[in-house]
Amino acid sequence: MKTIEWENNKLKLINQTKIPDELEYVYCDNYNEVIVAIKDMIVRGAPAIGVAASFGMALAYLNGEDMGRAAEEIKSARPTAINLFWAVDRVLNSDNPLEEALKMYCEDMDTNRAIGKYGCEIIDDGDTVLTHCNAGALACVDYGTALGVIRAAHSQSKNINVICDETRPRGQGARLSVWELQQDNIPVKLIPDVASGFLMSQGKIDKVVIGADRIAKGGVVNKIGSFMVAMAAKQHDVPFYVAAPLSTFDKDASIFDTVIEERDGDEVRYYGGARICPEGTEVINPAFDITPSEFITGIITENGIIDPI
Ligand code: MRU
């Protein structure tokens with residue numbers, strides 16, 4: 001299963017808003033449709049957003065659009081994941097946008113396998129691993145970063161159990177990570193976001209592995225709730241790892257300068273289509289948070305495990 005494919009000069013995407021109920025595909029044949037897919041989270045997860053954006057640039061090129069304008073508009077689709085900006089600039093500065101996009105598509109799969117290879121060194125037989133949000137195949141072209149580490153350990157016949165945080169408000173853990181792991185017959189249990197600290201205090205979580213949207217000086221930006229998990233992990237001496245490709249690094253910037261996306265309040269006001277608070281309730285809905293470096297045991301990259309920066 002690939003989250004993203006290039007088929008007959010169209011970008012083919014798994015519609016992630018429909019999972020786990022339906023496996024539906026969305027086709028984009030111009031860059032504006034790619035922007036909508038990123039904004040509406042048909043495609044989401046930092047590496048997948050990057051690769052989709054690179055094909056958006058390729059579509060702009062094939063359709064004879066103004067490349068500079070396409071680049072600016074695609075970059076404005078979502079503000080936080082650095083992979084979006086990195087991918088658009090890489091294609092913009094290439095001689096052949098389609099070739100470059102296809103190269104990035106292949107690199108993403110190779111990178112995730114390498115992250116999995118290095119990452120499974122930290123997973124012991126019998127471990128229960130907690131993950132937050134979805135840093136799996138659905139967040140990339142295939143295989144995943146955090147879930148790539150889990151897949152690699154499972155394929156080495158390590159007996160592992162996975163715990164997925166629900167990941168309110170959009171439920172990426174419940175809807176996407178659980179679904180993916182079940183497809184691969186990897187034992188998985190779902191917990192409410194508020195339960196991880198208690199489970200750690202009971203010795204029921206051995207390691208945490210999450211993905212990242214941006215890594216810079218001072219820490220890591222990832223899905224909202226990651227920092228709370230990191231604090232609980234530190235309190236209970238549970239190793240806390242981040243798995244991410246080098247394209248997620250912004251080495252010279254401070255992580256505290258990251259623009260954190262604020263999403264529509266209805267994502268919080270409604271659950272499964274039903275309103276869960278009084279009508280008109282004011283909401284704060286940041287999509288990401290910052291985990292400072294001192295909470296992070298190591299960062300698993302395609303070149304090996306490194307210290308946070
Ligand atoms: O809002 P999303 O679903 O795009 O957020 C995704 C995450 O936060 C992931 O953990 C991150 O992008 C890493 S995916 C390999």
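In each ligand, atom 1 is the first atom listed, and ligand 1 is the first ligand listed. Keep in mind that this is a model prediction, so the values were computed, not measured.
- Heavy atoms of Ala81 stay at 4.0 angstrom or farther from ligand 1.
- Both the backbone and the side chain of Lys223 come within 4.0 Å of ligand 1, counting heavy atoms alone.
- Counting heavy atoms under 4.0 Å from ligand 1, residue Arg78 touches it through the side chain alone.
- Using modelled atom types, no side-chain atom of Asn285 and backbone atom of Glu262 make a donor-acceptor pair closer than 3.5 Å.
- Cation-pi geometry between Lys12 and Tyr27 is not satisfied (NZ or CZ under 6.0 Å from the ring centre, within 45° of the ring normal).
- When the side chain to side chain contact (heavy atoms under 4.5 Å, CB included) test is applied to Asp184, the partners found at least two apart in sequence or on another chain are Arg151, Ile186.
- Every atom of ligand 1 with a heavy atom of Ala139 under 4.0 Å away is listed here by number and element: 14 (S), 15 (C).
- Inclusion of Gly211 in the set of residues having an N or O under 3.5 Å from an N or O of ligand 1 is not warranted.
- Residue contact check: Asn222 has heavy atoms under 4.0 Å from atoms 7 (C), 8 (O), 9 (C), 10 (O), 11 (C) of ligand 1.
- Between Phe227 and Phe295, the angle of the ring planes goes over 60°, which puts this pair in the perpendicular group of the 30/60° scheme.
- For atom 6 (C) of ligand 1, the closest non-hydrogen atom on the protein side is Arg44 NH2, 3.5 Å.
- Side-chain contact check for Thr145 and Asn112: no donor-acceptor pair (N or O, by modelled atom type) lies under 3.5 Å.
- Rounding to the nearest 0.5 Å places OH of Tyr105 at 10.0 Å from CG of Leu11.
- Of all the atoms in ligand 1, the ones that sit under 4.0 Å from a non-hydrogen atom of Gln172 are 1 (O), 2 (P), 3 (O).
- Using a 4.0 Å cut-off to heavy atoms of Pro47, the atoms of ligand 1 that qualify are 14 (S), 15 (C).
- Shown here are the side chain to side chain contact (heavy atoms under 4.5 Å, CB included) partners of Ile306, two or more places apart in sequence or in another chain: Phe249, Ile299, Thr301.
- Near Met41, meaning under 4.0 Å from one of its heavy atoms, ligand 1 places the atoms 1 (O), 2 (P), 3 (O).
- For ligand 1, the polar-atom distance check against Cys133 finds no nitrogen or oxygen pair separated by under 3.5 Å.
- The nearest protein atom to atom 15 (C) of ligand 1, hydrogens excluded, is given as Thr145 OG1, 3.2 Å; this is a heavy-atom distance.
- With contacts defined as side-chain heavy-atom distances shorter than 4.5 Å, the pair Val209/Ile122 qualifies.
- Nearest to atom 7 (C) of ligand 1 by heavy-atom distance, out of Thr248, Asp213, Ile224, is Asp213.
- At a heavy-atom distance under 4.0 Å, no atom of Arg170 approaches ligand 1.
- For the 3.5 Å distance criterion, the side chains of Gln172 and Asn134 fail to qualify, holding no donor opposite an acceptor.
- Side chain of Thr167 to main chain of Asp165: a donor-acceptor pair is present (N/O by atom type, distance under 3.5 Å, no hydrogens or angles).
- For ligand 1 and Ala135, the ligand atoms under 4.0 Å from any heavy atom of the residue are 14 (S), 15 (C).
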